[in-house]
*Asks:* 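Have a look at this one before I ask anything.
Source: prediction; values computed, not measured. So that the names make sense, note that chain A is the first sequence line, chain B the second, and so on, each numbered from 1.
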Protein chains: 2
Amino acid sequence: MTPIELIQHNISGYIRLEAEEMAFFTSLLETRQIKKRQLLLHEGEICKYSAFITDGCLRGYIFDKNGFERVLSFAPVNWWIADMYSLISQKPGVLNIEALEDTGVLLLSKTDQEKLYTQIPKFERFFRIITENSLVANQQRLLDNLSLSAEERYNNFCKKYPSLINQLPLKQIASYIGVTPQFFSKMRNEMLRKKS
Amino acid sequence: MTPIELIQHNISGYIRLEAEEMAFFTSLLETRQIKKRQLLLHEGEICKYSAFITDGCLRGYIFDKNGFERVLSFAPVNWWIADMYSLISQKPGVLNIEALEDTGVLLLSKTDQEKLYTQIPKFERFFRIITENSLVANQQRLLDNLSLSAEERYNNFCKKYPSLINQLPLKQIASYIGVTPQFFSKMRNEMLRKKS
DNA sequence: TTCTTTTCTTAATGTATATTAAGTGCTGAA
DNA sequence: TTCAGCACTTAATATACATTAAGAAAAGAA
């Protein structure tokens, strides 16, 4: 599938568009390639785009008060990512969005997104639904962090991002589940030992 | 303000409705009183309503694997609450929603909510926006849990729910910030000592 | 009121995870 | 080719929080 076909397929899963509506939508998209380790968004910037990943993988992370990176989310192919706080408020955000490998995205600017809302109200529906889904995923992760051990959080990571288990450096996964790389290394060894 | 005035005011902050649209909306609402400690929603049930709080306070919580309650969110006056996972999927949920004191809510059923979406598409917009806001609040809390100490999480609780600091039993707050009541008690004493 | 239950506190001990440090093996740049 | 840096591992020690237990104070029921 081409990037455009991929996003059209993604949208068609939620709303039904006329051909000319779809054409109008795709006319608003901007293609961008991000090289490994390059940032799509830097903390302190105002987030002006929602990004749809067509190839590769991004990660959203912040620096905590001790200067350590904490991964908030990964965005593999077919996912959307943005600093929602900054995108909505148009204030400087805290999120860094970085390519974990060479990555292709389609960008929809905030202004075009609002154009879309007024001209094709069905897009209110589309973004309501994907926001609801994000919210559910987020609440689940919050509960995981409140009630599960690191080991169980790792299992949930594996369920949520099966394609990333072997694709990502271990320290990224450690950061996502909220432990140090050292502890993660030890933990994984213990898990292997238990299974055998 | 009456309950109906309160919810109308809440909605008018996001979308502009004609008088008859507002009348149609309010005709869908159901008033319900929940006595202290009564559940509005019990885990295992399918969530059929979004609830808008007009008086009192609710809490959403789950039981973790050790059988301990973990508070996911509080819902004071003027907030919405539901088990989003269950409401969206119409599968049995994991959330319990309980009144912390005698509480009045306005209920909007899932089916009426969808009626609303088709008959007054502006409501797609309304719920998109409040879902976005929930998502942002949730992401912030997730980052808090990954990167802040219990003390700092308590400070953030105070900022988010200033009205609840003195209204809630301490053990509810402890559960929200993710520590035991014993540790919370000790921590608060230490915080007081530091300030003086 | 009196009794019971719940909330809150204090303190001793226990544990999951962090921190620091050191070492190995890869990778990419000069 | 050689070196610098990065990813990953192992291990010793440290710490933020949990668990258990017991008592005091407050709230609810009889």
*Asks:* Mind checking whether Trp79(A) and Tyr161(A) have ring centres under 6.0 Å apart?
*Replies:* yes
*Asks:* Distance-only, no hydrogens or angles: does the Thr131(A) side chain make a donor-acceptor pair with backbone N or O of Glu132(B) under 3.5 Å?
*Replies:* no
*Asks:* May I have the distance from Arg188(A) (atom CZ) to dA7(D) (atom P), rounded to whole angstrom?
*Replies:* 15 Å
*Asks:* Starting at CD of Glu101(B) and ending at P of dA27(D), how long is that distance when rounded to a whole Å?
*Replies:* 15 Å
*Asks:* Return the value, rounded to whole Å, for the distance between atom CG of Leu192(B) and atom P of dC8(C).
*Replies:* 15 Å
*Asks:* Phosphate oxygens OP1/OP2 of dT10(D): is one of them under 4.0 Å from a side-chain N or O of Asn189(A)?
*Replies:* yes
*Asks:* What is the separation between atom CZ on Phe68(A) and atom P on dA18(C), rounded to the nearest whole Å?
*Replies:* 11 Å
*Asks:* Taking atom types as they are modelled, would you say the side chain of Gln182(A) forms a donor-acceptor pair with the base of dT10(D) within the 3.5 Å cutoff?
*Replies:* no
*Asks:* Given atom CD1 of Ile177(A) and atom C1' of dT17(C), what is their separation to the nearest angstrom?
*Replies:* 11 Å
*Asks:* Are Gln8(A) and Asn10(A) packed together at the side-chain level, in the sense that at least one heavy-atom pair is separated by less than 4.5 angstrom?
*Replies:* no
*Asks:* Check the surroundings of atom CZ in Phe68(A): do more than 12 heavy atoms from other residues, nucleotides or ligands lie under 6.0 Å from it?
*Replies:* no
*Asks:* How close or far is atom C1' of dT19(D) from atom CZ of Phe183(B), stated in whole angstroms?
*Replies:* 13 Å
*Asks:* Which ones in residues 144-153 of chain B lie close to DNA chain C, meaning a heavy atom under 4.0 Å from one of its atoms?
*Replies:* none
*Asks:* Please figure out whether Val179(A) or Lys171(B) has its closest DNA chain C nucleotide nearer the 5' end.
*Replies:* Lys171(B)
*Asks:* For the side chain of Arg37(B), counting heavy atoms from C-beta on, which of dT9(D), dT19(C), dT6(C) is nearest?
*Replies:* dT6(C)
*Asks:* Ring centroids only, cut at 6.0 angstrom: are Trp80(B) and Phe127(B) within range, meaning strictly under it?
*Replies:* yes
*Asks:* Nearest whole Å is fine: how far is dA25(D) C1' from Leu170(B) CG?
*Replies:* 13 Å
*Asks:* If only side-chain N and O atoms of Lys36(B) are considered, is one of them under 4.0 Å from the OP1 or OP2 phosphate oxygen of dG28(D)?
*Replies:* yes
*Asks:* Strictly distance-based, threshold 3.5 Å: is any side-chain N or O of Asp83(A) a donor or acceptor partner for the main-chain N or O of Leu95(A)?
*Replies:* yes
*Asks:* Given atom CD of Glu190(B) and atom C1' of dT9(C), what is their separation to the nearest angstrom?
*Replies:* 13 Å
*Asks:* Please state whether the phosphate of dT17(C), meaning OP1 or OP2, lies under 4.0 angstrom from any side-chain nitrogen or oxygen of Thr180(A).
*Replies:* no
*Asks:* Please determine which of Phe24(A), Tyr14(A), Phe25(A) meets the ring-ring contact (aromatic ring centres under 6.0 Å, His included) test together with Phe123(A).
*Replies:* Phe25(A)
